[in-house]
Each structure stands twice: as C-alpha cells, then as structure tokens.
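Lettering follows sequence order; numbering is per chain, from 1.
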There are 4 protein chains.
Amino acid sequence: MAPDQHKTRKPVQKRGIETRGKILDAAMRLFSKKGFHSTNTKEIAREAGVATGSFYAYFKDKKSVFLEIYKGISHKQLKDMAGGMAGVEGQDDTGRVEALLRALAGEHGFSPNFQREVSAMRYSDPDVEALHNSIHEGLGQEVALMLEKQKERLRVKDLDAAAFVILCACEEVIHTSRTISHRIDRDRVISNLADMIARFLYK
Amino acid sequence: MAPDQHKTRKPVQKRGIETRGKILDAAMRLFSKKGFHSTNTKEIAREAGVATGSFYAYFKDKKSVFLEIYKGISHKQLKDMAGGMAGVEGQDDTGRVEALLRALAGEHGFSPNFQREVSAMRYSDPDVEALHNSIHEGLGQEVALMLEKQKERLRVKDLDAAAFVILCACEEVIHTSRTISHRIDRDRVISNLADMIARFLYK
Amino acid sequence: MAPDQHKTRKPVQKRGIETRGKILDAAMRLFSKKGFHSTNTKEIAREAGVATGSFYAYFKDKKSVFLEIYKGISHKQLKDMAGGMAGVEGQDDTGRVEALLRALAGEHGFSPNFQREVSAMRYSDPDVEALHNSIHEGLGQEVALMLEKQKERLRVKDLDAAAFVILCACEEVIHTSRTISHRIDRDRVISNLADMIARFLYK
Amino acid sequence: MAPDQHKTRKPVQKRGIETRGKILDAAMRLFSKKGFHSTNTKEIAREAGVATGSFYAYFKDKKSVFLEIYKGISHKQLKDMAGGMAGVEGQDDTGRVEALLRALAGEHGFSPNFQREVSAMRYSDPDVEALHNSIHEGLGQEVALMLEKQKERLRVKDLDAAAFVILCACEEVIHTSRTISHRIDRDRVISNLADMIARFLYK
DNA sequence: AATGAATGAGCGTTCATTCAT
DNA sequence: TATGAATGAACGCTCATTCAT
C-alpha cells in the first residue's frame, strides 16, 4: 500500500478505470477554467457525471487529483521536449535556440490555463512546490544534456548552471508575456530572448 | 465617494490613522507567516489589537488589505531600485550588470515571504495580477530608462523588449533559486545570469 | 488558554452568555429526546434559535457540549445527594438505607433520558468514560463518608469497597428496572435491594 | 419468508454457510476492536475476504450482524452459566456465592470488548436493548432456578426479585471495576460483593 | 468610533446501501 | 452467486462578512 494511495480504490474493472479517467478529465477542465480554489469536489463529480462518493473512492482529496494531473502533463511534456530537442541538431546557432524556445513554449502551450494554476499553487502549497521543483530539475537536466552534446561550440563552461538560468528566463518570459496585456509585442520579446540566449551560449 | 472606497472609513484623526496602520502591519505579518488563504480576518484583527468590526471599518475586505500592502511595498521598492541604479554608472560592463542584479534582488529581499504570497495570488486573482503587471511594467520602464542612458555602449536596439526580457529572467532566477534546495549553488547561478545579461546588452 | 477551551469564544457580554445558555439547553433537550448520535449540530443551533456558526463559537464540537451538560448535571446532583443524605441520620437502619436509595434514585430522576445517553456514551467514548468515572468516584466518596459517620453500627470494615459495591448495585438496578418492561414490579425490586444493602451494612 | 429475513440469502450449501460465518467472525473482531460505529461494512467485508455486496446478500444491514453475534454469544454463555452453576451445590454458603460470581464474571470474560459495545448500544438502540433485556431475563430465570433448588437454606422469599437484584449488582460491579483505574483493588471489591450477596440470601 | 456577537452559505468528506456486470 | 463500482444524503465545521450595542 503506497503511502500516497491512502484508502483510495484501485480500479480493476474497465468501468472503474473509465470513471477514474472521467474524473481526471473533469477536474482538469474545471481547474483550468475556474482555478483550484474556486472548484469544489461536488462540481468535479458533476462535471464528470459521477457521484461525489466516486470522487473520494478514487482520490484521497482535491489536491491529490491536482498533483496527479500535473504529473501526467509533465510526463507528456518531458517526452515532447525530448522530441523537440532531437530536431535541434544540425542547424545554425540561432536556429538551435529558437527550436529550444519552441520546445519550451510547447510545454505551456499544452494546457496554459492549468499551468497558470500550477504557478499559483507552486507558491502556496508545499506538495505542489516539491513536484514543480522536481520537474523543473528534470527539465534542467534535459537542457544540460542537450548542451553537453554541442559542448565544443559553447562559450559557457558550467553547463548545469547555464541550463538553469536559461530555463528560468524562458519560463518567466513565456508566462508573463502570456498574461500581460502588452504594449511590447510577443515577437519582439521572443526574438530578444533568443538573441540573449544565443549570445550567452555560443562563441 | 470613489467606488473603490466602498463604505470604508477614511481616517483623518491621528488615532484612526494609527489603527489603520496597525491592521496593515498585522496583516503583513500574518500573510507572510501563514499565507493569504490561511489567515483569517479575525486573526488579523486580534494581531492588530482591534475588534473584527474595525477591520471592516477601514477595509472593504481581506483582499483589499493585501493589495494595499503590496502597493506600499512596491512604492518603497521602486524607490530603492532607483537608488540602487544610480550607483551603476561609471563602472565597467560587468559591474553595471551586477549592480543591477543586486538592485533587483533587493526587491525580494525586502519581504520575501510576502513576495511569495504575491507570486501565488498573481496567478489566481485578477486584481493581484493587474497590480503585479502594472508594477512589473513600472520596473521595466525604470530598467529601460537606465539602458537609455548608456545607449551608445549597447548592442541591443529594442530597449523596451530587452528590459522586459532581462527583468523576467532575473525575477524567476531569484525566485526559483530561493525556493529550490539546490545542487547548483547560488553563486554559480548569479554569475551565469550576470554573464548572460552582459553579453546580451553590451557590444 | 485552557486546553479544553480550544478556540471557543468566552462570552463577556450579557447577550453572549445568554446565547451560550440557549445552546446548552437546546442540546440537552435534543440529546435527551433523540440521543447524541441522532442529533446534529445544525439541529441544536436551530432549536436554540441561533446560527450554526454560533454553536462553534461557543463550543469546540458536539461532544464538548455533551460533556459540559453532563458536568453541570453532576454538580447539581452531587449537591442534591449531599442534601438527601443529611436527612438520613437519626432513623433506623432500614430507614437510612431507603433514604439513601431515594437520594441515589433522585440522581437519575433529574434527567433520566440524558442519563441514558451518558450510559451509552460511557461505553463508547473515552472522554465520557473518564468523566463518568470521576463522577462515580466522587459519589463513592460521598457514600463512604456517610458510612464513616455511623461506623460503630456497621458490620463492614472496608468502607471504600463497600461504598463502591453499594453504588454499583443501586445504579444498575435503577437503570435496568427503568428500561425493562418487567414482570417483576419495581417495588419488589427496590425493597429487595434495600434489604440486601441493610443486611450487608449493619450488624 | 419471515419479515425479518428481508431479502437476505439463506445459505443452504456448505460454501454459503462458511461465507456467512466468515462475515460474522470478521464483524465480531472489528466491533470488538474498534466499536460498532467506527467499523464500516466495507471493512467487515474486506476482513472477511468477501465483496461488499456479499455482506448484504447475507445480512439485512450492519445492525443485524451485531444482533446476531450478540445472540450467538449469549447462547454459549447461557450454557456456560448453567454448567458453572451445576458445581455450586454441595459447598458452604460463601463458596456457593463465589462460584456464582465466577460464573457470571465468566460471561464477560468471554469477549469483554464486545460486551462493552453491547453496553453502549443497549442504551442507544431499541433493538439491542430489547435483546439485552430478554437475555438478562433469561439469566435471571437461571439464577432464580438455582435459588429455588436451595430454597430451604434461604432467608429471601421473593426469588425472582432477589435474582434480579443480585444479577444487576454483579453486572455493574464487574463492568465498572473493569473500566475504572481504581484505587480500590478488585479483590476487595469482589469479596465485599460476595459478602453482601451471601448475607442477603442465606439465613 | 469601536466592539465582538451573530450569521449562514458553503466546504470537504464519509459510508450504509444499491446496482450493473 | 459474487463482485466491487456507484450512489448521494448527510455530516461536522469554517470564516468572510454584517449588525446590534
């Protein structure tokens, strides 16, 4: 009995698996539309077309659904990222960086509204923070690995730190330029970001 | 009566002004220690040494206190920033950037726990988001202004976009390196960040 | 802050004291009529003519009201008992025992239905059990004290143990003969009980 | 179909009888360990190694299992009592009474924790109360019968009432001295009780 | 102006029981 | 027959806000 499974039901029948999925989908939709705190478990159950009790049969509480959704999204995104980076080799420096940015932007493009909630909860809930940090670290290693492959073309030496800095910069730029109603348009921001990173990385 | 003043009391006497201040201080302390959602108005009143009713005599609701505290902090910090940047001129490129970073890091150094709450609410509350964005824009203009002064030494042309990108990078790096229990130490991160920005900005 | 006061309001105004009393009265009525488990806090509040929140302003939870009512009743009853026993002196042996029985029967006569609930909860809740035991012990000491006063007429030597045994016998007889729809009528039971105790105690 | 059989399955095959027994055993274990209200039907089914639905195939509801267990225990205990009393004859008065007490104490010795639950529910549930009363009456008749056999040695005349009073006294003493953390030790209590009953009964 | 008592909608959660497979 | 998924009313409790004094 894993400690994070508590007393939740582990579906063995096909119907149970479907129900669990319906709840996850519904929660994802509502968290994205209304935010975590403004969504209650009864709503999630209704949206999923199941009874309140079924929610608690499959999940310990509201937060555990949130974390599970986040985990699921992250897995998909790490794979996407890896895929996106594969195509980076064999281009010039700027192309490489832009591809990287696209891959990273894809991360949030997946489900921007849910990511927004993650950002909120990351600062107010220790569990979400821990999960976010571990995912962030995973991304950082992915980027560091990619840098490693083109080491001889780089001017930076401390690849881990460089990866971390790049990642942070991208995250915040993408987040902020998404939410802000901006007089500075997105293209100018992205091209400056790409320029900054390229100058930083390459000889 | 301005619409955002609701039915709150506007203190003109010394006693009223003090009471208002005590409430703001108490709220600031509690929001920083326990977070916005885990702090209730009764607690704030008790911590301030006033009655629950008095809280609502001076403030429309819990959120309005939060916003007001945030505004107050931002004003102080914009001034600090301006002061911090004044000393930037007359050094070499790297020194300039590091001074800038120190000035920005100072922003969060002021009241890091409250900033954490701002980060959380920024993503979950439209009003906090709006305020954050306008403050961010103010900071951006400040930075853009500083860049303007040393235009001839810069390789970047689009100063507004550059300022925005720099600002975002700094914010996230500072935030994340604060919360993460890191295998990459802070100094390496900061020096990489400074290097990145300097290469980006200067010829 | 006493540990059993939790975060409850301690009424300082007259209105508050009244409200607290109304809640206690309502709870007593409902516990007696429907039992502890079949009474919920909303009902108590409604019966008391106050809001749910007020209930929780004055009491930590449902059980704490129960315990407080029980405590209050016990205090009154210990006083009644003491009074009832005062008149015991100066009669013959049988008269003394019957007076004692009347005094003890009076204990449950006060609020028999509530006592019934106490009996139920005494076996299912540790806190109620502890309170019951301490009250029982108090009663035992009272009885032992009364025996002490007429020591020379008694054949029993171990007054504490004797008091305990008498008390238990009386309690259960009174309880059971109350609830049972009996073919043995109450008078026969009481007179046998009195006979038993008198033979036991006196030379 | 008897009205109290509801729609429950009446097992005739060996397998069904075993399943029914497993449920009764599991329920007995859990009621004893955690109490009736803190044990839920899912737990009982799991402990018994059957599905939730099977529980309701064999029993009308949770309470009916409780009643059935209680009935079963009582039957065994009545037999034990009868056996225990058989050896009472041919001793002196005190010996007789002590044998009786041992036989009665044996009643609770069987499954003291379950008895505790019975005591709790006896006061809060009419059905349990009725069952308890009828069992109590059975015990009373048993005791009265035993008294009948030694009538010529007794000073009491109303054997039914005497049996009732004795029984009550024993029950409560045994119960209370079990739960109370006592400054009066058990031996003193028991010997006083035996003394009281012997003086009461015998010439 | 100030107090603190009162409000009550709303929340997360449980579990005895039923039902589809 | 046996399974275990599904149900949903009901519960205890919180707290931002209002109101009587």
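If you measure from atom CG of C:Leu30 to atom P of F:dG12, you get 12 Å, rounded to the nearest angstrom. Rounded to a whole Å, the CZ atom of D:Arg46 is 13 Å from the P atom of E:dA16. Rounded to an integer number of Å, the gap from NZ of D:Lys63 to P of E:dT17 is 10 Å. Distance C:Glu18 CD to F:dT21 P: 11 Å, rounded to the nearest Å. Across the protein-nucleic acid pair, D:Phe66 atom CZ and E:dA16 atom P stand 14 Å apart, rounded to whole Å. Distance, D:Ile44 CD1 to F:dT3 P: 16 Å, rounded to whole Å.
Taking the side chain to side chain donor-acceptor pair (under 3.5 Å) definition, one finds that C:Ser119 meets it with C:His175, sequence neighbours left out. Annotation: salt bridge (charged side-chain N to carboxylate O under 4.0 Å, His left out) contacts of A:Arg46 (sequence neighbours excluded): none. Legend: residues meeting side chain to side chain contact (heavy atoms under 4.5 Å, CB included) with C:Ser134, ordered by chain and number and at least two apart, are C:Leu131. Qualifying side chain to side chain contact (heavy atoms under 4.5 Å, CB included) partners for D:Thr39, counting only residues two or more places apart in sequence or in other chains: D:Leu30, D:Phe31, D:Lys34, D:Glu43, D:Ile44. Partners of D:Asp127 under the salt bridge (charged side-chain N to carboxylate O under 4.0 Å, His left out) rule, at least two apart in sequence or in another chain, are D:Lys63. For C:Ala48, the side chain to side chain contact (heavy atoms under 4.5 Å, CB included) partners two or more places apart in sequence, or in a different chain, are C:Lys22, C:Ile23, C:Ala26, C:Val50. A search for side chain to side chain donor-acceptor pair (under 3.5 Å) contacts involving B:Tyr58 returns nothing, not counting sequence neighbours.
Listed by first residue number, the stems of DNA chain E with at least three Watson-Crick or G-U pairs below 3.5 Å are E:2-21 with F:2-21.
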Exercise. How would nucleotides 6-13 of chain E be written as a contact map, 5' to 3', with B for base contact, S for sugar-phosphate-only contact and - for no contact, using protein heavy atoms under 4.0 Å?
Worked result: BBB-BSBB

For this session: Go through B:Phe66 and B:Phe114 one step at a time and tell me if the ring pair (Phe, Tyr, Trp, His ring centres under 6.0 Å) criterion holds.
Result: CA-CA 10 Å; B:Phe66 185 87; B:Phe114 189 83; 5.0 Å; yes

